[in-house]
Structure formats: structure tokens, C-alpha cells
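Notes for the one structure printed next.
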Number of protein chains: 2
Amino acid sequence: MPTSKDVAAAAGVSQSTVSYVMSGKRPISEKTRKKVEAAIEQLTYQPNAGARALASRRTNVLGLVIPLTPDAHVGSLSEFIAVIAATARQHDRDILLVTDEEGTEGLQRVVGQQLCDGLILMQVEADDDRIPVVRKLRVPVVFIGIPNEAEGLSCIDADFALAGRQCIEEFAAAGHQGATVIGWRPESGDRKLNFVDRFLGGAFEQAEASGLALSHVSGSADIASIEAAVDGGIAAADGPPAFASPEEPVLEMLPRILLDRGLKPGVDVSIIGVGTQTKSLGERLRLTTIDLEPRTVSRRAVELLCNFLKDGDGGQRQHLELIPPVVTQRDSTIPSPTH
Amino acid sequence: MPTSKDVAAAAGVSQSTVSYVMSGKRPISEKTRKKVEAAIEQLTYQPNAGARALASRRTNVLGLVIPLTPDAHVGSLSEFIAVIAATARQHDRDILLVTDEEGTEGLQRVVGQQLCDGLILMQVEADDDRIPVVRKLRVPVVFIGIPNEAEGLSCIDADFALAGRQCIEEFAAAGHQGATVIGWRPESGDRKLNFVDRFLGGAFEQAEASGLALSHVSGSADIASIEAAVDGGIAAADGPPAFASPEEPVLEMLPRILLDRGLKPGVDVSIIGVGTQTKSLGERLRLTTIDLEPRTVSRRAVELLCNFLKDGDGGQRQHLELIPPVVTQRDSTIPSPTH
DNA sequence: TTGAAAGCGTTACCAT
DNA sequence: ATGGTAACGCTTTCAA
């Protein structure tokens with residue numbers, strides 16, 4: 001492997017000049033730059049990351065802490081990961097994986113060994129064990145998810161509360177008097193992750209504001225309980241019923257179940273799908289969807305962390321960023337009845 | 001951050017002794033080891049990864065090249081990733097992510113910058129662009145997937161051919177004279193990934209050996225074409241029909257479709273599910289399943305790479321490892337009829 | 001505009 | 001069994 005010393009020799013300049021050509025940290029005459037660049041090209045020189053990290057005290061690597069057992073709602077965890085890795089590269093950084101299997105020791109390890117300059121934590125819980133550790137970590141950390149005690153931390157997530165409100169607004173605008181949310185499966189929430197509560201909070205708040213009767217039942221993969229939820233929703237409805245759900249299996253079955261009961265989606269009943277992969281789902285089932293934009297969340301997390309690393313080094317900055325969901329209306333929302 | 005120099009001072013020994021205590025590369029008296037370990041503990045010393053890499057010419061990092069757009073069959077790409085990262089830790093190594101968006105330059109970059117000691121490539125295609133690049137890479141590389149030209153390469157994958165054979169063996173043992181494979185969706189194969197052909201190759205080979213009439217249709221998510229495939233299978237069957245499929249939506253629908261036609265799974269018809277997450281699926285639908293063991297594949301990929309790194313450094317070694325699928329019989333396989 | 005040289009924190013060789 | 005010290009390959013200060 002050629003070193004910058006080899007490049008310097010080949011170009012007939014000093015090693016420091018090679019370094020400055022690469023970093024652009026000081027003006028270089030056109031002539032010597034050409035020489036150096038030619039030598040770099042010719043030798044296919046690539047700087048040694050370890051040496052660079054040692055000398056500059058920066059690794060240009062970001063640690064990404066992933067859950068070992070992805071909870072359901074994350075949809076495609078791998079999509080988050082891939083977007084994060086790709087965005088990192090756009091900022092000239094690489095991603096080091098840390099599984100949360102390692103626990104908080106893992107965080108201390110990768111930071112302590114100076115394997116990375118900052119961290120992104122996924123699947124952040126309401127009262128996350130890792131928060132006290134992170135607070136004294138000396139490197140910037142971005143949370144994906146909003147813990148209950150977030151002061152002093154940098155957090156990014158989809159705006160679940162807004163999604164809940166938007167959902168009800170859609171129903172209200174379509175003239176519904178009542179609606180049923182067939183929510184996440186109980187395992188998904190488990191009081192650890194708080195996005196379920198955030199969504200429901202937004203939904204109930206907006207229901208009150210819109211004077212719409214809202215009820216909520218937990219989601220499920222089994223058909224009998226979905227049917228029960230539907231029948232409940234129909235019985236409770238004063239006028240055409242409306243359903244919203246973040247669970248794909250529920251959304252897959254809803255149209256058929258409703259048709260079985262003589263209700264035509266888009267005419268006699270509204271359905272909204274909420275989630276992370278809603279585009280194709282919504283197109284296929286002709287549903288109005290509220291997408292939680294996981295790619296945007298991922299991208300912003302990286303951008304935020306890179307910003308922290310850019311200006312001033314070290315510490316955390318308080319930051320709370322909620323990505324607005326994207327509503328896509330399709331024809332399964334019933335037309336507003338004339339009063 | 002404390003350095004090994006600080007530890008040495010605190011323990012009253014030389015820096016090299018600290019190093020040897022940590023690496024165990026030479027005998028240390030019990031007494032000084034205690035002193036050093038106490039100092040390490042007390043200062044919460046952690047070795048600087050960059051310095052270590054620079055001096056030892058090893059990063060203890062493995063590069064993992066992931067597809068940016070996961071093809072369907074991978075099931076849970078994130079499961080692969082998490083298992084790989086966790087296994088790497090068990091071997092005292094970390095994982096650096098590389099997206100294949102970077103293309104072959106990405107491989108040359110992470111190796112050239114000496115960010116990692118070896119690579120694992122996922123989603124390897126039959127005639128993969130990356131192979132010629134990998135061949136001259138000077139670090140060990142493990143492929144997950146079997147390219148057509150594999151000489152000199154280290155490849156690991158599920159044994160799709162065996163899965164195909166096992167599938168037919170099950171049907172033959174249950175007394176079927178014919179069977180239908182409702183295969184992968186055309187997008188999955190696309191002649192790039194060759195696991196589809198490997199599976200079908202094994203299945204047809206075994207069908208011939210068992211004197212069983214086998215037909216194959218492509219999978220699909222849409223219900224009409226699945227029904228068509230089922231009807232075709234029923235019509236062609238000389239005796240009770242049998243179906244196998246690797247597509248979850250197909251498997252979800254098969255029992256209902258068959259019941260609609262008066263065929264009771266496990267009594268009048270056999271179904272086998274093939275795939276990567278078959279445990280819960282099989283239990284829920286009472287299917288016999290053939291699991292392709294993605295976790296084992298992932299784990300072995302890491303172990304293999306770590307072995308290459310252990311003894312002798314550098315180059316590739318030829319290696320081909322096919323992970324046998326796990327067959328789990330459940331009561332949807334019809335009992336062998338008495339002849 | 002450029003060069004020389006002092007680190008950065010380890011490892012590993014050569015001594016003792 | 002332990003210590004001294006020369007690398008490792010880069011960045012950056014200090015000089016010119």
C-alpha cells in the first residue's frame with residue numbers, strides 16, 4: 001500500500017504538501033497540486049484511516065446502534081439502515097454498527113476506543129436505559145425516537161401526534177361523526193416505545209376538537225379479532241363508519257371484511273392506512289394513507305449528527321425534530337355528505 | 001481520554017508492559033498484572049482503535065456490503081445484519097457498513113483506506129460485477145450467495161438445491177404422484193440471483209428420481225393468479241394435489257383457496273412453505289416448512305471470515321459452504337395412502 | 001507557497 | 001519477566 005510519503009517522493013514535494021492538497025486546508029499553487037494529484041492517481045494512493053484518525057482525532061465514522069430484535073412497527077429496519085449508511089457517505093462518513101445486545105457498554109466501548117465520532121440510536125424507548133450513559137458521553141448523539149425526558153438531547157422521529165390528528169381531520173372532512181382506530185399490536189407498544197401513545201394522543205385531541213367520536217382497539221394479526229373490531233366500529237357509528245390502522249395485515253383484510261358486511265370502501269366507509277411503507281400498499285388497496293417517512297427521518301438524523309460534528313466538536317445540543325407525515329388521499333375516502 | 005502511557009505511569013510499569021498485559025502476548029507476573037489491571041480499571045482506560053490499527057496493521061473491523069434496495073426474498077435483511085454484527089462481536093470485531101450504492105469503488109475504498117480487514121458481500125448475483133474487483137483485493141472476502149464462477153472464492157448460502165429436493169421427498173413420502181411449485185415472483189429472480197434456479201434444479205432432479213410429476217409457476221401477490229395456479233395444480237394431479245411455495249402471501253392464501261374448492265389441507269392436499277421466517281408462519285398455518293436458516297448462514301459467514309483472518313493474513317481461500325435447510329413437519333402433510 | 005519535524009497512541013523488536 | 005524505543009502513516013505547528 002502506498003503512503004503519503006510515497007506520493008510526496010513521486011511528486012517531488014514534502015509529505016505535508018500532500019496532506020494539504022488532500023485536505024485543502026491551505027492554498028497550493030496550481031502547478032504543485034497537479035503534480036501531487038497525478039502522483040496520487042498514479043499510485044492509487046488512499047490515506048490510511050487509522051493514521052488519519054490518530055493524527056486528527058477524528059475517525060469520520062458514525063456509530064449506529066441498532067436493535068437486535070426489531071420491533072414490529074419499524075417496518076423495514078433495513079431501510080433505515082441503508083438510508084443512514086448512504087446519507088453518511090454523502091457527508092464523507094462511514095457507519096459502524098453497534099447492536100443494542102451489547103447494551104450501554106457497547107456505547108462506551110465504541111466511543112472509548114474512539115472508533116467513531118458520534119452516535120445515532122435507533123428504537124429509543126420512553127424511559128431509555130441508555131440516556132444517563134449518553135449524557136456523559138462527550139460525543140454528540142442523535143436519538144431516533146422521543147424519550148419522555150428529552151431535555152438536553154437531540155431527538156428526531158416521525159410526528160406521530162400529527163399523524164393522529166391528520167387522520168381524524170381526514171375523517172372529519174369527509175363528514176364522519178365517528179371513527180375507530182385499530183391500533184398497533186400490544187407487543188409493539190408495551191409502554192416502552194411511546195409512539196403509540198403519541199399517535200393516539202394526537203388522534204383523541206383532534207377528535208375532541210372536531211366533535212368526532214373516536215374509539216380505539218389494539219391491532220391483531222388474527223382475523224376473528226379484526227372482524228370483532230370492525231363490527232364494533234360499525235355498531236358504534238352514527239352514520240358511515242371510518243377505520244384507521246397502522247397494521248398491514250389489518251389493512252389487507254379490512255376491505256374484504258367490510259365488503260362482506262355490505263359496505264363499500266370509499267362509498268359507505270372510509271379507511272386510512274398509517275405506516276412506513278404505505279405507498280404501494282395504498283395504491284394497491286386504493287386507500288388514503290398517512291406515511292411516516294422513515295427515509296426522511298433517517299436522513300435527517302445523519303445530517304443533524306454531521307452538523308454537530310462540523311461546527312465545534314464534542315458535546316450534545318438540545319434539538320427536537322418531528323418529521324411531518326405525508327398524507328396521500330385516494331378514492332377510498334367517502335365524499336363529504338351534504339348536510 | 002487516558003492512554004496506555006497514563007496506565008503505565010499509574011501502575012509504575014512501562015508502556016510496553018501495559019500493552020502485553022492487554023494482549024497476553026507474553027508472560028506477565030501475577031503481581032504486575034494485578035497492578036496494571038487495577039490501573040486500567042481505575043482510569044477506565046480503553047485502547048485507541050486508530051493507534052492500534054496503525055501499529056498492528058489490523059483494524060479488527062469487518063466490512064459488510066449491503067444491498068441498498070433489498071430484493072424480496074431476503075426476508076428480513078435486518079435480521080442478517082443484526083446476526084452478523086452480533087457474531088462479529090463474539091469474535092471481538094466490529095462491522096463497518098458499506099452500501100452497494102457505492103459500487104465496486106466502495107470496496108476498494110474501505111480496503112484501500114484500511115478501514116477493515118476483510119469483507120462480507122451480501123446478495124451476490126450469478127455473474128456479479130464485484131467478483132473481478134474482489135479477486136485482486138488482497139483481503140479475505142466472503143460471499144453470501146453462490147455466483148456461477150466461484151473458483152477461488154469463499155461462498156456461503158442456504159442450500160437451495162437441497163431444499164428443492166427435500167420438498168419433493170416430502171411429497172413423495174406422503175404418497176403424492178404430482179406436485180406444483182408456486183415459486184418466487186419473477187422480480188426476485190430476474191436471472192441475477194440464481195437461488196431460484198438452484199431450488200428448481202433440486203426439485204426437478206428429485207421429482208425425476210421419485211417419479212413424481214412436477215410443475216412450476218411463478219409466484220405472485222395477486223389472488224387471481226394464485227387461484228389459477230391452484231386450479232392448474234388440482235387438474236394436473238393424479239390423486240391428491242400438493243403445493244409448495246416460498247412466497248408468504250401465497251402461503252397465507254393457499255389454505256383458504258383450497259378449502260373453497262373442498263380440499264382440506266393435511267387431508268386432501270399437502271402444502272409446504274419454504275423460506276426464511278417459516279417458524280411462526282408454519283405454526284400458525286399448520287404447514288410443513290423448509291427453513292433456509294438465514295441466521296445460520298449469517299453466523300457462518302462471519303466465522304469463516306474470522307478464520308481466514310486468524311491464521312495467515314491476506315488472500316482468499318476457496319470455500320463453498322451450503323447450509324442445509326431445516327424441515328419441520330406439521331400435520332398439513334397428508335398421511336401416506338395405503339397402496 | 002512550501003518544507004521540516006513533532007506529535008498522535010499503539011505494537012513489537014531488541015535488550016537486559 | 002520487564003523496559004526502552006523505533007516504527008506505523010498521517011496532521012499540523014513552526015519556520016522559511
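Basis for what follows: all heavy atoms, side chains included, without hydrogens, waters or symmetry-related copies. Protein chains get the first letters and strands the later ones, always in sequence-line order, with residue 1 at the start of each.
In 5' to 3' order, the nucleotides of DNA chain C bounding all contacts with chain A (an atom under 4.0 Å from a heavy atom) are dT1(C) to dG9(C).
The one candidate from L322(A), L292(A), V297(A) that meets the side-chain contact (heavy atoms from CB on, under 4.5 Å) condition with D159(A) is L322(A).
Judged by distance alone, the side chain of D128(B) and the main-chain N or O of E125(B) form a donor-acceptor pair under 3.5 Å. At distances below 3.5 Å, not a single donor-acceptor pair connects side-chain atoms of R52(A) with backbone N or O atoms of N60(A).
Note: I95(B) CD1 to L62(B) CG = 4.5 Å, rounded to the nearest 0.5 Å. A distance of 11.0 Å separates OG in S154(A) from CD1 in I120(A), rounded to the nearest 0.5 Å.
The 12-atom threshold is exceeded at CZ of R109(A), counting heavy atoms of other residues, nucleotides or ligands nearer than 6.0 Å.
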Fill in the blank from the handout: Contact string for nucleotides 10-16 of chain D, one letter per nucleotide 5' to 3', B = base within protein heavy-atom range under 4.0 Å, S = sugar-phosphate only, - = neither, reads BBBBB--
Exercise for the section: Quick one: do V111(B) and R138(B) satisfy side-chain contact (heavy atoms from CB on, under 4.5 Å)? Show the steps, please. Expected result: CA-CA 9 Å; V111(B) 171; R138(B) 306 302 219 68; 5.7 Å; no
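Listed by residue number, there are no residues of residues 107-117 of chain B with a heavy-atom contact under 4.0 Å to DNA chain C.
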Please list, one pair per line, the donor and acceptor atoms closer than 3.5 Å that link side chains of residues 144-153 of chain B to other protein atoms, with sequence neighbours excluded.
from	atom 1	to	atom 2	distance (Å)
N148(B)	OD1	N194(B)	ND2	3.1

Distance-only criterion, 3.5 Å: show the donor-acceptor pairs between side-chain atoms of residues 17-25 of chain B and protein atoms not counting sequence neighbours.
from	atom 1	to	atom 2	distance (Å)
T17(B)	OG1	S14(B)	OG	3.2
S23(B)	OG	S19(B)	O	3.3
S23(B)	OG	K25(B)	N	3.3

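Checked against salt bridge (charged side-chain N to carboxylate O under 4.0 Å, His left out), E321(A) has the following partners two or more places apart in sequence or in another chain: R300(A).
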